[in-house]
Amino acid sequence: MKSNAVKVWVNGEQVDPAAPSIAALDHGLTVGDGVFETCRVVQGVPFALTRHARRLDRSMAGLGLPAADHGVIDAGIRSVLAGEPIAFGRLRYTVTAGAGPLGSDRRDSPLTYIVAAGPQEPNPETAKLVVVPWTRNERGATAGLKTTSYAENVVALAFANQHGAVEALFANTAGNLCECTGSNVFVVVDGEILTPDLASGPLAGVTRGLVIEWCRQEGLTVRAEPLPMSILGQAEEVFITSSTKDVLAVHAIDDRPITAPGPVTTRAAEIFARLSSERLDP
């Protein structure tokens with residue numbers, strides 16, 4: 001995504017995305033004390049805004065931050081989406097703890113609001129995943145929260161890219177399947193769709209939740225439960241989901257090829273594509 005194609009709004013005004021706009025001592029910058037949401041945008045229309053707003057609220061509460069002002073966020077969204085519609089892209093909004101000290105202590109500061117939107121390249125038809133040598137801590141203080149502390153994901157995704165993969169795949173500390181850096185993972189075994197339960201430590205992805213809900217409505221069996229990493233060797237099909245990847249079939253994990261897209265993945269992708277086009281804010 002080229003920076004000149006991105007629109008950015010900070011604390012009430014649209015700004016040059018390449019110019020300084022955040023205080024040097026903002027706690028979101030110094031210690032990653034903030035949360036964010038990313039939504040898919042198609043023809044200028046963002047998808048599932050209400051579900052994303054609810055998850056932002058949960059993440060804010062989980063960090064012990066004051067409730068975000070959604071009126072402020074909505075003003076930013078309108079600002080960055082005004083003008084020529086984005087054919088396919090992403091909307092990201094971030095809320096940080098505001099000004100803080102150099103350490104981890106907080107000050108009673110106004111929150112910082114950042115909203116950005118821009119186009120992105122189309123997704124590949126299928127993806128390769130690589131299991132990384134690091135784990136997710138399913139019992140950590142920020143487990144299940146979408147925070148701006150993303151250095152762990154940056155390192156893991158770089159590792160995956162170096163090995164020719166689109167995404168990195170984490171186990172949790174119990175040795176069970178968890179999630180990718182920015183995607184949830186599903187496996188198909190004996191024709192049933194399985195995904196790690198939230199107690200295993202993955203983020204409660206908006207697309208994940210809709211895939212589970214809508215596939216069940218359409219008669220597919222979907223179970224969320226603890227899954228050993230060994231299930232990756234048994235899976236007939238694998239797919240990942242995220243707000244910008246939708247339902248993306250996986251053609252390989254490490255050196256193991258997988259049929260992609262398989263029939264169950266194809267069905268799940270069709271269900272999600274159809275219902276998400278009919279229900280823009282489900």
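On a predicted model such as this, the values are computed, not experimentally measured, just so you know. The figures that follow rest on heavy atoms only: side chains count, while hydrogens, waters and symmetry mates do not.
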(Q) Nearest 0.5 Å, please: how far is OG1 in T207 from CZ in F47? (A) 6.5 Å
Q) Where the side chain of E225 meets the backbone of D197, is there a donor-acceptor pair that is under 3.5 Å apart? A) no
Q) Would the W9 and Y93 ring centres measure less than 6.0 Å apart? A) no
Q: Measure the shortest side-chain to side-chain distance between N172 and N137 over non-hydrogen atoms and say whether it is less than 4.5 angstrom.
A: no
Q) Does the D74 side chain pair with the main chain of R78, one donor and one acceptor, at a distance under 3.5 Å? A) no
Q) Do other residues, nucleotides or ligands put more than 12 heavy atoms under 6.0 Å from the CD atom of E125? A) no
Q: State yes or no: do I231 and I258 share one hydrophobic cluster built from I, L, V, M, F, W and Y residues joined by side-chain heavy-atom distances below 4.5 Å, directly or via other members?
A: yes
(Q) Just so I know, are the side chains of F36 and S59 near enough to count as touching, which here means a heavy-atom distance under 4.5 Å? (A) no
Q.
Is there a side-chain contact between V42 and I86 in this structure, where contact means two heavy atoms from C-beta onward sitting under 4.5 Å apart?
A. no
Q | Side-chain heavy-atom pair S183, T241 within 4.5 angstrom cut-off | A | no
Q: Please report the closest heavy-atom contact between W134 and A156, naming both atoms and the distance.
A: CZ3-CA, 3.8 Å
Q.
Are there over 12 heavy-atom neighbours, none belonging to E278, within less than 6.0 Å of that residue's CD?
A. yes
Q. If we ignore angles and hydrogens, is there a donor and acceptor under 3.5 Å between the side chains of T221 and R223?
A. no
(Q) As a quick check of understanding, evaluate side-chain contact (heavy atoms from CB on, under 4.5 Å) for F170 and C180, giving each step before the final call. (A) CA-CA 6 Å; F170 289 99; C180 300; 5.8 Å; no
Q. Taking side chain as C-beta onward, heavy atoms only, is T94 less than 4.5 Å from T112?
A. no
**Q.** Short side-chain to backbone donor-acceptor contact, K7 and A82, under 3.5 Å
**A.** yes
**Q.** Inter-residue atom distance Y113.OH - T96.OG1, 0.5 Å rounding
**A.** 9.5 Å
Q: Sort and list the pairs that fulfil salt bridge (charged side-chain N to carboxylate O under 4.0 Å, His left out) and have at least one residue in residues 33-61, not counting sequence neighbours.
A: D33-R106, E37-R55, R40-D246, R51-E213
(Q) Strictly below 4.0 Å, N to O, side chains only: are E152 and R136 in salt-bridge contact? (A) yes
Q) Can you find a pair of side-chain heavy atoms, one from V238 and one from V188, that are under 4.5 Å apart? A) no
Q.
I'd like to know whether L248 forms a side-chain contact (heavy atoms from CB on, under 4.5 Å) with T265, so could you lay out the CA-CA distance, the side-chain angles of the two residues, the decisive distance to 0.1 Å, and finally the verdict.
A. CA-CA 8 Å; L248 181 60; T265 300; over 6 Å; no
Q) Taking only residues two or more places apart in sequence, or in another chain, which ones meet A61 in a side-chain contact (heavy atoms from CB on, under 4.5 Å)? A) none
Q) Among L194, V211, I193, which residue meets the side chain to side chain contact (heavy atoms under 4.5 Å, CB included) test with V222? A) I193
Q: Return the minimal non-hydrogen interatomic distance between A168 and V132, and the atom names on each side.
A: CB-CG1, 3.4 Å
Q | Taking every non-hydrogen atom, the tightest pair across V95 and I73 | A | CG2-CD1, 4.1 Å
Q: Could you tell me whether the side chain of E179 reaches within less than 4.5 Å of the side chain of L203, counting heavy atoms only?
A: yes
Q: Could you tell me whether a side-chain N or O of T142 sits under 3.5 Å from a main-chain N or O of L145, the two making a donor and an acceptor?
A: no
**Q.** Intermediate values then yes/no, side-chain contact (heavy atoms from CB on, under 4.5 Å), V41 and V45
**A.** CA-CA 5 Å; V41 177; V45 180; 5.8 Å; no
Q | Note: E167-K128 ion pair, threshold 4.0 Å (strictly below) | A | no
**Q.** Separation between CZ of F239 and OG1 of T126, rounded to the nearest 0.5 Å
**A.** 14.5 Å
Q: Evaluate side-chain contact (heavy atoms from CB on, under 4.5 Å) for E218 paired with L275, printing each intermediate quantity in order.
A: CA-CA 11 Å; E218 298 276 330; L275 294 181; 4.3 Å; yes
Q: Indicate the atoms forming the closest heavy-atom contact of Q14 with V8, along with that distance.
A: CG-O, 3.1 Å
**Q.** Heavy-atom pair with the smallest gap, counting every atom of A99 and S109
**A.** O-OG, 2.8 Å
Q. Can you tell me how far CG of N11 sits from CD1 of I22, rounded to the nearest 0.5 angstrom?
A. 6.5 Å
Q) Are the side chain of S277 and the backbone of A273 linked by a donor-acceptor contact shorter than 3.5 Å? A) yes
(Q) With a sphere of 6.0 Å drawn around CG of D255, does it hold more than 12 non-hydrogen atoms of other residues, nucleotides or ligands? (A) no
Q) Who are the side-chain contact (heavy atoms from CB on, under 4.5 Å) partners of P263, not counting sequence neighbours? A) E237
Q) Looking at side-chain heavy atoms only, is the closest gap between T266 and E270 below 4.5 Å? A) no
Q. Do any N or O atoms from the side chain of H27 and from the backbone of G103 form a donor-acceptor pair under 3.5 angstrom?
A. yes
Q | Shared hydrophobic cluster, I271 / F186 (ILVMFWY, side-chain heavy atoms < 4.5 Å) | A | yes
Q. Is there a path of hydrophobic side-chain contacts, each under 4.5 Å between heavy atoms of I, L, V, M, F, W or Y residues, that connects V166 with I253?
A. no
Q) CG of N176 to OG1 of T135: how many Å apart, nearest 0.5 Å? A) 11.5 Å
(Q) For a quick check under 3.5 Å, do D281 and T50 share a side-chain donor-acceptor pair by atom type? (A) yes
(Q) For R279, is the CZ atom crowded, meaning more than 12 foreign heavy atoms sit under 6.0 Å from it? (A) yes
Q: To the nearest 0.5 Å, tell me how far L280 CG sits from L49 CG.
A: 9.5 Å
Q | ILVMFWY cluster, V10 and L65 together (side-chain gap under 4.5 Å) | A | no
Q: Any chance you could lay out the ring pair (Phe, Tyr, Trp, His ring centres under 6.0 Å) test for F272 and W214, step after step, and finish with the verdict?
A: CA-CA 7 Å; F272 183 80; W214 288 346; 5.7 Å; yes
Q | Closest approach of A268 to V247 (non-hydrogen atoms, all atoms of both residues) | A | O-CG2, 4.2 Å
Q) Out of curiosity, does F159 fall in the hydrophobic cluster containing V155 (side-chain heavy atoms, cut-off under 4.5 Å, transitive links)? A) yes
Q: Apply the side chain to side chain contact (heavy atoms under 4.5 Å, CB included) test between L129 and each candidate in L169, D254, L232; give the one that qualifies.
A: L169
Q. Any donor-acceptor pair under 3.5 Å linking the side chain of T147 with the backbone of V35?
A. no
